[in-house]
Number of protein chains: 2
Amino acid sequence: MTESTPAPGEPRVPGAREIPEATVARLPVYLRALTALADAGTATCSSEELASSTGVNSAKLRKDLSYLGSYGTRGVGYDVAYLRYQIARQIGVTQDWPVVIVGIGNLGHALANYSGFRSRGFRVVALLDADPDRQDEVVAGVDVRPFRDLDRIVREHGVAIGVIATPAVAAQNVADRMVTAGITSILNFAPAVLAVPDGVDVRKVDLSIELQILAYHEQRKTGAATDPDPLAVQGGVA
Amino acid sequence: MTESTPAPGEPRVPGAREIPEATVARLPVYLRALTALADAGTATCSSEELASSTGVNSAKLRKDLSYLGSYGTRGVGYDVAYLRYQIARQIGVTQDWPVVIVGIGNLGHALANYSGFRSRGFRVVALLDADPDRQDEVVAGVDVRPFRDLDRIVREHGVAIGVIATPAVAAQNVADRMVTAGITSILNFAPAVLAVPDGVDVRKVDLSIELQILAYHEQRKTGAATDPDPLAVQGGVA
DNA sequence: AAGAGTTTGTGAACGCAAGCACAAACTCGA
DNA sequence: TCGAGTTTGTGCTTGCGTTCACAAACTCTT
Ligand SMILES: NC(=O)c1ccc[n+]([C@@H]2O[C@H](COP(=O)([O-])OP(=O)(O)OC[C@H]3O[C@@H](n4cnc5c(N)ncnc54)[C@H](O)[C@@H]3O)[C@@H](O)[C@H]2O)c1
Ligand SMILES: NC(=O)c1ccc[n+]([C@@H]2O[C@H](COP(=O)([O-])OP(=O)(O)OC[C@H]3O[C@@H](n4cnc5c(N)ncnc54)[C@H](O)[C@@H]3O)[C@@H](O)[C@H]2O)c1
């Protein structure tokens with residue numbers, strides 16, 4: 001769902017190696033750890049140190065980094081500032097990405113107020129909501145605009161990434177409008193499965209699913225299993 | 001990180017088959033789709049229908065369901081209500097899980113106000129914050145308590161699942177306190193890597209990481225790559 | 001200059017997950 | 001009762017991700 005169909009044979013971007021999806025998902029974690037090290041004044045670190053501070057296996061870390069190139073020095077380790085820059089460049093966060101947030105309710109407010117955006121390569125250029133009552137408000141220095149302004153804002157700011165924080169019923173409609181406006185990456189917080197055309201990436205963040213996964217394991221730990229087949233409700237096999 | 005060491009040879013819960021992690025992560029999605037079907041009055045559905053409404057391959061769906069048992073009927077499909085119950089039972093959400101949220105700031109407020117909790121098997125029994133100024137507040141009918149009440153609340157309500165929505169610097173300390181109090185599953189929203197003892201599950205939700213993954217793919221799409229090796233900053237190889 | 005110690009980069013083995021393809025098991029109509 | 005049509009459950013293949021283990025490449029001490 002994340003990968004758009006790669007042109008068979010030829011790489012999408014000339015000169016850019018193909019980085020495995022699992023590695024891409026870990027690069028931001030390394031980036032964060034390297035930023036912390038840089039802030040602490042550390043100039044150099046080994047794969048072992050970086051691995052333990054990010055909670056991964058050191059061999060996995062080295063293999064991940066090897067997809068970017070050979071940026072380490074044997075017997076020494078990695079130059080923190082240099083590696084940090086290389087990862088940021090690969091991810092594409094050396095410049096800021098303009099982002100719009102649609103649905104400024106409970107969650108939308110929290111997202112708009114989140115300071116971690118700016119420091120990690122993103123800039124909220126607009127907050128959109130369909131409810132006219134919301135549209136007087138100013139959240140974190142950005143004023144809430146009517147949803148119909150989407151096209152204009154996307155065009156003016158060259159927005160490629162959109163965040164959906166509306167109720168589930170509205171999510172597909174919002175996604176459609178985003179795609180029409182030219183957005184090609186969507187982060188979806190609504191508990192809904194979105195259908196989008198090829199070439200558009202969707203990632204979902206679903207709190208309930210995360211909790212339910214925890215509940216599954218929790219149930220196994222405590223051995224608190226419900227009886228295996230308590231009642232053959234309407235139309236059960238037997 | 002999610003899987004605690006399984007006793008080698010013997011299953012953790014007698015009579016409970018081992019369900020692959022990837023399948024566990026999809027069961028909540030199926031559950032949600034089945035709930036929607038049930039609400040719409042649909043009595044029966046095929047794997048093809050359920051698959052397309054959840055965005056997965058139908059063969060994968062059938063294989064996932066086969067880990068729970070043989071609950072379908074060939075030539076017919078699955079009984080919606082029956083399958084729904086079976087999935088809910090396997091996940092462990094036939095009864096409500098008591099949950100505490102620590103850190104009632106921007107995000108904590110949104111989480112506390114989130115109605116999707118109750119309807120999906122979870123009940124917020126307490127909101128905790130270290131800041132005394134927060135502790136007069138009542139959010140969504142639950143009043144904010146001092147963080148030091150954690151032990152008592154966990155004990156009184158039998159809480160097994162905790163949510164961390166504090167700043168990153170406080171997250172490890174909060175996690176330690178949770179573990180001490182008896183919590184064995186943690187959902188962490190702070191951008192920090194948590195160290196916990198064996199037997200404790202941690203899942204993290206990290207907005208910045210999700211956005212950075214999108215940015216990576218976006219960069220490849222537009223071909224907007226930074227120059228491959230722009231400057232050999234302090235200590236670069238060559 | 002050489003040997004001991006350290007750390008990277010990666011070949012190779014292994015295990016998990018995805019998807020195809022089909023037999024088995026069902027329904028329905030004649 | 002039989003045959004055509006439908007849909008499940010799963011064996012098998014393929015691909016991806018993780019981990020081990022080690023040679024290559026470096027530093028440092030003597
Ligand atoms: N609040 C949470 O902590 C939380 C957690 C997980 C998931 N979610 C999900 O995030 C979404 C938002 O949750 P919330 O609690 O902020 O809900 P909310 O009702 O507080 O806010 C939704 C906002 O979206 C706006 N909206 C509705 N339809 C719209 C449309 N078509 N176009 C533009 N804006 C529209 C509404 O006016 C409202 O301001 C929901 O889907 C919810 O399930 C929320
Ligand atoms: N706001 C968002 O949308 C968002 C998005 C992604 C991630 N996050 C992360 O979620 C966390 C919370 O974000 P926020 O915007 O709500 O921050 P916030 O500063 O608004 O709220 C943090 C709350 O935690 C409380 N707190 C601090 N130390 C504590 C401790 N030791 N014990 C108990 N409570 C403590 C504070 O009093 C405050 O009320 C942060 O780590 C942030 O990076 C937030």
Side-chain angles (χ1 to χ4, degrees), chain A residues 1-3 5-6 8-9 17-27 29-30 34 37 42-80 82-83 86-87 90 213 235-238, chain B residues 1-3 5-6 8 17-27 29-30 34 37 42-80 82-83 86-87 213 235-238:
Chain A
M1 193 177 286
T2 278
E3 193 72 7
T5 40
R17 268 157 295 222
E18 205 57 42
I19 299 181
E21 197 53 34
T23 297
V24 171
R26 281 186 296 266
L27 289 179
V29 183
Y30 305 151
L34 287 166
L37 285 173
T42 311
T44 275
C45 77
S46 70
S47 66
E48 204 69 53
E49 293 172 271
L50 194 50
S52 77
S53 79
T54 52
V56 305
N57 182 297
S58 73
K60 178 153 58 175
L61 175 98
R62 288 198 300 277
K63 180 150 284 188
D64 282 343
L65 296 184
S66 76
Y67 292 114
L68 316 187
S70 271
Y71 295 135
T73 309
R74 295 171 190 222
V76 179
Y78 300 90
D79 182 287
V80 171
Y82 186 65
L83 182 59
Q86 291 298 338
I87 293 180
Q90 280 287 345
I213 294 171
V237 195
Chain B
M1 195 178 285
T2 278
E3 192 73 10
T5 41
R17 269 157 295 221
E18 205 56 42
I19 299 181
E21 198 53 35
T23 296
V24 171
R26 282 186 295 266
L27 289 180
V29 182
Y30 306 150
L34 287 166
L37 285 173
T42 311
T44 274
C45 76
S46 70
S47 66
E48 203 69 52
E49 293 172 90
L50 194 51
S52 77
S53 79
T54 51
V56 306
N57 182 296
S58 73
K60 179 152 57 174
L61 175 98
R62 288 197 300 276
K63 183 155 285 187
D64 282 343
L65 296 184
S66 76
Y67 292 114
L68 316 187
S70 271
Y71 294 136
T73 309
R74 296 170 191 224
V76 179
Y78 300 90
D79 181 288
V80 170
Y82 185 65
L83 182 58
Q86 291 299 337
I87 293 179
I213 294 170
V237 195

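Quick note on labels: first sequence line is chain A, next is B, and so on, each numbered from 1.
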Heavy-atom nearest nucleotide on DNA chain C taken for A:Asp64 and for B:Lys63; more 5' hit belongs to A:Asp64
To the nearest angstrom, how far is B:Tyr67 atom OH from C:dA18 atom C1'?
-> 10 Å
Between P of C:dG15 and CD of B:Glu18, the distance in whole Å = 16 Å
In whole angstroms, how far is the P atom of C:dT8 from the CG atom of A:Leu61?
-> 8 Å
Kindly give the heavy-atom pair with the smallest separation between A:Cys45 and A:Leu50, and that separation in Å.
-> SG-CB, 4.2 Å
side-chain N/O B:Tyr78 vs D:dG9 OP1/OP2, d < 4.0 Å = yes
Under 4.0 angstrom, heavy atoms only, what part of the nucleic acid is B:Ala59 near: base, sugar-phosphate, or nothing?
-> base
To the nearest Å, give me how far apart CD (B:Glu49) and C1' (D:dT6) are.
-> 12 Å
By nearest nucleotide on DNA chain D, pick out whichever of B:Cys45 and A:Thr23 is the more 5' one.
-> B:Cys45
Quick one: is A:Asn57 getting a side-chain N or O under 4.0 Å of the D:dG17 phosphate, OP1 or OP2?
-> no
Looking only at heavy atoms, the pair that brings B:Pro20 and B:Tyr67 closest together is CG-CZ, 3.6 Å
If every non-hydrogen atom of A:Leu27 is compared with every non-hydrogen atom of A:Leu68, which pair is closest and at what distance?
-> CD1-CD2, 4.1 Å
Of A:Val29, A:Thr42, A:Thr54, A:Ile87, the residue whose pairing with A:Leu34 passes side chain to side chain contact (heavy atoms under 4.5 Å, CB included) = A:Ile87
Shortest non-hydrogen separation from A:Ser58 to A:Ala51 and the atoms involved | CA-CB, 3.5 Å
Check nucleotides 25-28 of chain C for protein N or O atoms closer than 3.5 Å to its own N or O atoms and list the pairs.
from: C:dC26; atom 1: O4'; to: B:Arg74; atom 2: O; distance (Å): 3.4

Round to a whole Å and report the spacing from NZ of A:Lys60 to P of C:dC14.
-> 19 Å
Identify the heavy atoms of B:Leu61 and B:Val56 that sit nearest to each other, and give their distance.
-> CB-CG2, 4.1 Å
Which whole-number value in Å describes the distance from B:Asp79 CG to D:dT7 C1'?
-> 15 Å
Ignoring backbone atoms, test whether B:Arg26 places a side-chain nitrogen or oxygen under 4.0 Å from the OP1 or OP2 oxygen of C:dA18.
-> yes
What integer distance in Å separates B:Glu48:CD from C:dC20:P?
-> 11 Å
From B:Ser47 atom OG to B:Leu83 atom CG, the distance as rounded to the nearest 0.5 Å | 11.0 Å
Starting from C1' on D:dT10, measure out to CZ on B:Arg62 and report it in whole angstrom.
-> 10 Å
